[in-house]
Amino acid sequence: MIRKKFIAGNWKMNKTAADGAALTAEILAAIGRETAVDVVLCPPYTALESVGRALEGQSVKLGAQNMHPEKNGAFTGEISAEMLRSLFVSYVILGHSERRTMFGDTDAFVNKKTLAALANQLKPILCVGETLAEREGGATLAVVQRQLEGGLAGVTAEQLASVVIAYEPVWAIGTGKVATTAQAQEVHAYIRELLTKLYGAPLAQKVRILYGGSMKPANAPELLAQKDIDGGLIGGAALEAKSFVELVKAAILAS
Ligand code: PEP
């Protein structure tokens with residue numbers, strides 16, 4: 001089973017609408033209409049429209065970094081799936097560790113968002129991953145299992161085809177400490193085993209599982225060569241065209 005590699009840039013709270021459009025233009029100039037790898041840019045909400053416009057007619061897709069599960073209403077500061085769809089957003093990052101630790105996203109809330117995204121034709125990039133204390137306490141696999149099963153509760157086999165999973169060890173995010181390839185592959189294989197138990201092997205083999213956590217052009221080739229690592233969710237290295245494009249090229253080479 002060949003899974004198409006997938007590279008997503010999570011810009012977090014960086015780039016104005018104008019800066020985002022300029023970065024997008026630089027990336028597109030370097031990779032053109034690349035189709036060997038799926039590429040997604042996830043700017044902040046305020047740059048979705050300008051980046052979306054820059055992506056018109058291109059193969060690179062637009063993603064958001066979060067959303068609220070309700071359709072509309074009194075949720076000051078929040079954005080719904082329908083609002084994202086109206087800006088031609090295709091993917092949405094859900095359950096990022098920064099949302100979980102700084103903004104109180106629980107597994108149950110992430111699950112509501114996942115179901116709402118899927119009901120609105122948005123493809124979730126569902127993030128799971130352990131903290132350093134959890135890893136040192138031997139709880140990595142249990143934490144990943146809880147977050148994965150919690151996030152996917154009620155997701156049908158048919159819907160699973162639209163879901164991308166990102167394994168992001170919290171201790172490796174933005175710290176420069178990348179998980180070793182063996183550490184990453186072990187958890188990726190475990191995630192695929194869990195998906196196999198939940199949905200059966202044929203579907204589990206189709207799901208892309210991304211690694212996230214200080215992925216850079218220097219460490220990407222080795223990570224992307226692992227059997228169950230199907231791409232990357234990139235933070236810091238997605239903020240400059242040069243490093244992001246190198247990561248896309250590494251994914252093409254690993255395909
Ligand atoms: C992220 O936040 O999703 C991430 C992987 O960040 P970084 O690449 O900067 O570690």
Side-chain angles (χ1 to χ4, degrees), residues 5-15 19-20 23 27 37-45 47-48 51 61-67 89 91-105 110 113-114 117 123-132 134-135 140 143-144 147-148 151 163-181 183-185 187-188 191 208-224 226 228-251 254:
K5 292 268 192 277
F6 191 111
I7 297 287
N10 173 13
W11 295 359
K12 310 191 183 188
M13 197 172 73
N14 294 290
K15 308 289 175 190
D19 292 344
L23 175 57
I27 292 168
V37 169
D38 284 330
V39 181
V40 179
L41 302 181
C42 304
Y45 293 138
L48 284 173
V51 171
K61 298 279 187 250
L62 185 62
Q65 298 173 18
N66 184 33
M67 54 166 259
V89 171
Y91 289 86
V92 59
I93 298 171
L94 297 176
H96 191 280
S97 64
E98 286 153 18
R99 300 293 321 170
R100 292 180 191 264
T101 57
M102 290 188 259
F103 303 100
D105 280 20
V110 172
K113 295 181 190 195
T114 304
K123 296 178 176 147
I125 300 174
L126 175 63
C127 302
V128 298
E130 80 289 0
T131 62
L132 187 58
E134 287 164 341
R135 174 161 283 268
T140 298
V143 168
V144 165
Q147 292 178 341
L148 188 81
V163 177
V164 175
I165 306 292
Y167 168 57
E168 299 205 305
V170 180
W171 49 272
I173 295 180
T175 58
K177 279 187 207 159
V178 65
T180 65
T181 46
Q183 282 172 326
Q185 167 57 27
V187 181
H188 281 240
I191 290 171
R208 266 86 60 91
I209 308 174
L210 316 181
Y211 170 78
S214 299
M215 198 190 245
K216 305 267 182 298
N219 57 36
E222 199 180 322
L223 286 161
L224 292 171
Q226 301 305 303
D228 291 291
I229 302 183
D230 306 312
L233 179 54
I234 320 295
L239 295 176
E240 282 184 12
K242 186 173 180 295
S243 44
F244 188 71
V245 167
E246 280 180 34
L247 286 164
V248 173
K249 290 189 174 157

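Only a predicted model underlies this, so the values are computations on that prediction, with no experimental measurement involved. Whatever order the structure lists ligands and atoms in, that order sets their numbers, starting from 1.
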Legend entry - Heavy-atom gap Lys12 to ligand 1 smaller than 4.0 Å: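 Flag set, Lys12 near ligand 1.
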Legend entry - Gly212-ligand 1 polar pair, N/O distance under 3.5 Å: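 In fact, backbone or side chain, Gly212 has no N or O that close.
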Inset, instruction - Check each atom of ligand 1 against the heavy atoms of Ala172 and keep those under 4.0 Å away; list them by number with element. - result: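 Listed by number with element, the hits are 10 (O).
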Legend entry - Lys249: partners by side chain to side chain contact (heavy atoms under 4.5 Å, CB included), with sequence neighbours left out: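 Expected list: Val245.
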Legend entry - Residue-ligand contact Ser214/ligand 1, heavy atom below 4.0 Å: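 Within the 4.0 Å threshold, so yes.
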Inset, instruction - Please examine the side chains of Leu126 and Val164, heavy atoms only from C-beta on, and report whether any two atoms are closer than 4.5 Å. - result: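 When only atoms from C-beta onward are counted, Leu126 and Val164 do not touch, as no gap falls below 4.5 Å.
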Inset, instruction - Could you say whether the N/O atoms of Gly174 and ligand 1 ever approach to under 3.5 Å? - result: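 Yes, Gly174 has an N/O under 3.5 Å of an N/O on ligand 1.
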Legend entry - Atoms of ligand 1, numbered as shown, that sit under 4.0 Å from any heavy atom of Asn10: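 Heavy-atom distances to Asn10 below 4.0 Å select 2 (O), 3 (O).
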Inset, instruction - Could you tell me whether the side chain of Glu134 reaches within less than 4.5 Å of the side chain of Thr140, counting heavy atoms only? - result: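 With C-beta onward as the side chain, the pair stays apart.
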Legend entry - Test item: Asn66 and Ile93 side chains (from C-beta on) under 4.5 Å apart, heavy atoms: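 Not in contact.
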Legend entry - Identity and separation of the nearest protein heavy atom to atom 3 (O) of ligand 1: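 Minimum-distance protein heavy atom for atom 3 (O) of ligand 1 reads Glu168 OE2, 2.7 Å.
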Inset, instruction - Answer yes or no: are there more than 12 heavy-atom neighbours, outside Gln226 itself, under 6.0 Å from its atom CD? - result: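 Yes, enclosed.
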Legend entry - Heavy-atom donor-acceptor pair, Gln185 side chain to Asp228 backbone, under 3.5 Å: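 Checking the backbone N and O of Asp228 against the side chain of Gln185, a donor-acceptor pair under 3.5 Å is found.
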Inset, instruction - For the residue pair Tyr211 and Pro169, establish whether any side-chain heavy-atom pair is separated by less than 4.5 Å. - result: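 SC-SC contact between Tyr211 and Pro169 confirmed.
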Inset, instruction - Would you mind checking which non-hydrogen protein atom is closest to atom 9 (O) of ligand 1, with the distance to 0.1 Å? - result: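 In this structure, atom 9 (O) of ligand 1 has Gly236 N, 2.8 Å as its nearest protein heavy atom.
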Legend entry - Subset of ligand 1 atoms that lie under 4.0 Å from at least one heavy atom of Gly213: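 Heavy-atom distances to Gly213 below 4.0 Å select 5 (C), 10 (O).
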Legend entry - Asp38: which of Lys123, Arg208, Lys61 passes salt bridge (Lys or Arg N to Asp or Glu O under 4.0 Å):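 That would be Arg208; it is the only one of Lys123, Arg208, Lys61 passing the salt bridge (Lys or Arg N to Asp or Glu O under 4.0 Å) with Asp38.
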Inset, instruction - Specify the protein heavy atom at minimum distance from atom 8 (O) of ligand 1: its residue, its atom name, and the distance to 0.1 Å. - result: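 Of the protein heavy atoms, Gly235 N, 2.8 Å lies nearest.
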Inset, instruction - Give the residue, atom name and distance (to 0.1 Å) of the protein heavy atom nearest atom 1 (C) of ligand 1. - result: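 Of the protein heavy atoms, His96 NE2, 3.2 Å lies nearest.
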